[in-house]
Asker: 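Structure incoming, see below.
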Amino acid sequence: MGKFVEHSKLKICERCILPETFPGIKFDEDGVCNHCKRAKSINAKASEKKEKYRQRFDKLIKDTINKAPVYDVIMAYSGGKDSTYTMKLLKERYALRILAFTFDNHFVSPLALDNIKKCADILETDHIQFRLPWPAAHKIFSLTAKEDIFSAPTLLRASSVCTACIGFVKSIVLKTALEMSIPFVAFGWSPGQAPIQAAIMKNNPDLIFKAQRAQKKAFPSEIKKIINHYFLPENYFEKFKERFPYNIHPLAFFKYDEKQIIKELYNIGWKEPTDTDTNSSNCLLNALANQRHIERHGFHPYVWEIANMVRQDIISREEGINKIYSKQKESIINFAQERLGL
Amino acid sequence: MIDIKKKVRAFIVENFLFGVDDELTDATSFLEDGVIDSTGILELVEFIEEEFSMSIDEEELMPENLDSLNNIELFLTNKLQKK
C-alpha cells in the first residue's frame with residue numbers, strides 16, 4: 001500500500017491546513033501561508049457578499065420560475081449530503097420544478113443509492129440516472145487512477161479521477177438542460193469548493209467551448225472515441241446560444257453548518273453512509289483516488305477545499321485536520337482497486 | 001499607471017504555476033493551454049475584483065476578456081477608464 005502522509009510529520013499552515021507539500025506554498029514567520037494572507041480581506045467581506053448573492057438569487061428565481069416548459073432546474077444529484085441538502089433547499093424554499101440527475105460511475109455507494117431514491121420521493125422530485133457502461137468506466141477510471149492526464153493546476157483542486165468524473169457530470173447536465181430548455185443547472189458544491197463568483201453564473205458558450213476542448217484533449221485517442229458523445233456537440237454552441245443556463249450552487253451563500261445539514265437531512269430519511277471515506281458521502285472510488293493523488297503529489301486532493309472552509313470558519317481547523325490527515329480505511333481503497341484490476 | 005499584467009501574472013504564477021512562469025506568455029490561452037480551468041477562471045475573477053476594486057458582471061465572463069494576459073489587460077484598462 002502506498003504512503004500515507006501523517007500531518008504530524010508535515011509542516012502545515014497555522015491558520016488553515018495546507019501542508020508544506022502544496023505546490024508553491026510559502027509560510028511567514030508565524031507559520032501562516034500565503035493563501036491565508038490573500039484570503040483575509042476577501043473573507044472579511046464574505047458575509048456582506050453572501051447576502052448580496054442571496055438577494056440576487058431570490059430575484060433571479062422570482063423572474064424565472066415556471067417559465068420553462070417542464071423543469072426550472074436540473075440538479076446534479078450524487079445522493080451525498082451537499083447535493084441532497086441543495087435539492088431540499090431548492091424544493092422547500094423556492095418550490096422549483098426539479099429534475100434530479102444522477103451519474104452512476106459504478107462506484108456509487110449502495111447506501112447513497114438508497115438515499116437518492118428515498119429523498120427524491122420525499123421531495124417529490126423527478127429523477128433520472130445516467131449509467132456509464134462498465135467497459136468505458138473501467139477504462140476511464142483505471143487510467144485516471146494510474147496517471148495524471150489533466151493539467152497540473154487542475155490537480156491542485158481535485159484528483160484525476162474526480163476531475164474526469166465531474167467533467168462528465170457537468171457536460172451531461174448542461175447538454176440535458178440545453179435540450180430541455182432548463183434555465184438552471186444546480187450543484188451542491190460546498191463553500192470551499194469554488195469561489196462565490198461561481199455561485200450564480202450564466203454559462204458563456206465560448207468559455208464552455210474552450211474548457212471542453214481542453215478537457216477532451218487530455219484523454220488518449222482510444223478513450224476519446226468512447227466518450228465523445230458525453231460532451232456537447234459542436235453545433236450546440238451556436239444552435240442553443242441563447243439557451244445556455246445559469247449554473248447555481250446555493251450552498252456558497254447560505255449558512256453552511258455540516259452538523260445542522262445532516263440533522264435536517266435525517267428528518268427526510270437521508271442516512272450517512274458508513275462505507276465511504278471522510279470526504280465523500282456517496283462515492284466508493286474516492287478513497288482510492290485520494291490515495292493515488294497523495295502518492296503522486298504529496299498532498300490530499302481535498303486539502304484546498306477544506307482549507308478554504310477552515311479559513312471561512314465553516315469548520316474548525318481540527319475538523320479539517322481530521323478530514324484530510326486521517327488514515328483512510330484500507331477496505332474502501334482495496335475494494336476500488338480490485339474492481340478496477342489495479 | 002497600474003501594471004495590470006504584472007499583478008495578474010504574479011497571481012497566476014503563485015496560484016496555478018507553482019512559481020514557474022517559463023511558458024506563460026502574454027498571449028497564452030489560460031483555458032486551452034491548461035494554465036487555469038473553468039473554476040480557476042473564477043478564482044482569477046475573485047482576485048481581480050479584490051485587487052482592482054471593481055466588480056465583473058456575468059456578461060463579462062468570456063474568453064475575450066479573461067483568457068490571456070493580453071485580453072485581461074485590454075479588458076481592465078477599458079473598464080478602469082470608464083470608472
Side-chain angles (χ1 to χ4, degrees), chain A residues 22-26 34-35 37-46 49 52 56 60 149-158 163 166-167 170 187 189 193-215 217-218 246-247 249 252 297 304-305 308, chain B residues 6-25 27-72 74-76 79:
Chain A
F22 194 77
I25 198 166
K26 289 179 207 116
N34 49 328
H35 300 285
K37 282 201 223 163
R38 192 177 63 78
K40 209 173 166 186
S41 59
I42 294 169
N43 288 342
K45 296 174 201 153
K49 211 161 197 176
K52 273 189 190 161
R56 197 178 144 212
L60 189 61
I149 60 167
F150 300 104
S151 67
T154 299
L155 300 170
L156 289 172
R157 313 289 191 254
T163 304
I166 194 68
K170 282 181 178 173
F187 296 93
W189 291 341
Q193 257 174 310
I196 196 160
Q197 280 78 358
I200 308 172
M201 197 190 79
K202 179 103 171 148
N203 278 293
N204 175 278
D206 297 337
L207 204 79
I208 302 289
F209 181 78
K210 284 195 174 222
Q212 177 172 289
R213 196 153 68 182
Q215 198 182 15
K217 207 167 70 180
Y246 276 87
N247 273 4
H249 66 106
H297 302 282
W304 178 259
E305 174 187 347
N308 276 336
Chain B
K6 198 175 163 190
K7 286 187 174 180
V8 175
R9 174 188 284 275
F11 171 78
I12 291 171
V13 170
E14 182 175 320
N15 287 280
F16 298 101
L17 297 176
F18 325 133
V20 182
D21 71 344
D22 296 355
E23 289 174 16
L24 181 65
T25 69
T28 301
S29 162
F30 299 150
L31 285 166
E32 290 196 74
D33 295 323
V35 177
I36 307 181
D37 62 10
S38 52
T39 308
I41 287 280
L42 295 160
E43 288 179 31
L44 178 62
V45 168
E46 184 180 55
F47 165 77
I48 290 172
E49 289 190 334
E50 185 63 24
E51 183 68 34
F52 301 103
S53 307
M54 62 164 65
S55 138
I56 296 180
D57 297 333
E58 64 193 22
E59 302 82 36
E60 295 173 319
L61 294 174
M62 54 174 80
E64 297 92 291
N65 293 337
L66 297 162
D67 192 36
S68 71
L69 289 168
N70 281 339
N71 292 6
I72 289 175
L74 189 64
F75 168 57
L76 292 191
K79 211 169 155 71

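Quick note on labels: first sequence line is chain A, next is B, and so on, each numbered from 1.
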Asker: What distance separates B/Asp67 CG from A/Asp206 CG, expressed to the nearest 0.5 Å?
Answerer: 10.0 Å
Asker: Taking all atoms of both residues into account, what is the closest heavy-atom pair of A/Asn204 and B/Pro63, and its distance?
Answerer: OD1-CD, 3.6 Å
Asker: Roughly how far, to the nearest 0.5 Å, is the NZ atom of A/Lys210 from the CG atom of B/Asp33?
Answerer: 8.5 Å
Asker: Between atom CD1 of B/Ile41 and atom CD of A/Gln197, what is the distance when rounded to the nearest 0.5 Å?
Answerer: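 Rounded to the nearest 0.5 Å, the CD1-CD separation comes to 12.5 Å.
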Asker: Tell me the closest heavy-atom pair linking A/Leu207 and B/Met62, and the distance in Å.
Answerer: CD1-C, 4.2 Å
Asker: If you count heavy-atom pairs within less than 4.5 Å of chain B, which of A/Gln215, A/Lys26, A/Lys202, A/Arg213 leads?
Answerer: A/Arg213
Asker: Considering only heavy atoms, which portion of B/Phe11 lies under 4.5 Å from any heavy atom of chain A: side chain, backbone, both, or neither?
Answerer: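 It is the side chain, since no backbone atom gets that close.
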Asker: Are A/Lys49 and B/Glu49 close enough, and set up right, to give a salt bridge (Lys or Arg N to Asp or Glu O under 4.0 Å), and what steps lead you there?
Answerer: CA-CA 12 Å; A/Lys49 211 161 197 176; B/Glu49 289 190 334; 3.5 Å; yes
Asker: Indicate yes or no: does B/Glu50 engage A/Lys45 in a salt bridge with an N to O separation below 4.0 Å.
Answerer: yes
Asker: Hey, are B/Glu58 and A/Arg56 close enough for a salt bridge, meaning a charged N less than 4.0 Å from a carboxylate O?
Answerer: yes
Asker: What is the distance from atom CG of A/Leu156 to atom CG of B/Leu17, rounded to the nearest 0.5 Å?
Answerer: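 Result: 9.0 Å between the selected atoms.
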Asker: Side chain, backbone, both or neither: which part of B/Asn15 has a heavy atom under 4.5 Å from chain A?
Answerer: both
Asker: CD of B/Glu32 to OG of A/Ser151: how many Å apart, nearest 0.5 Å?
Answerer: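 OG of A/Ser151 is found 12.5 Å from CD of B/Glu32.
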Asker: Under 4.0 Å between a Lys/Arg side-chain N and an Asp/Glu carboxylate O for A/Arg157 and B/Glu43?
Answerer: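 Result for this pair is yes, salt bridge flagged.
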Asker: Looking only at heavy atoms and a cut-off of under 4.5 Å, which of A/Lys170, A/Gln193, A/Arg38 has the most pairs with chain B?
Answerer: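 Result: the option with the highest number of such pairs is A/Arg38.
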Asker: Sort A/Phe22 into side chain, backbone, both or neither according to what part of it lies under 4.5 angstrom from a heavy atom of chain B.
Answerer: neither
Asker: Answer with side chain, backbone, both or neither: which region of A/Trp189 has an atom nearer than 4.5 Å to a non-hydrogen atom of chain B?
Answerer: neither
Asker: Quick check: closest heavy atoms across A/Pro153 and B/Val35, and the distance to 0.1 Å?
Answerer: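 Answer, listing the atom of A/Pro153 first, then B/Val35: CG-O, 2.9 Å.
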Asker: Hey, is NZ on A/Lys40 packed in by over 12 heavy atoms from elsewhere, all under 6.0 Å?
Answerer: no
Asker: Does any heavy atom of chain A fall under 4.5 Å from the side chain of B/Glu59, the backbone, both, or neither of them?
Answerer: neither
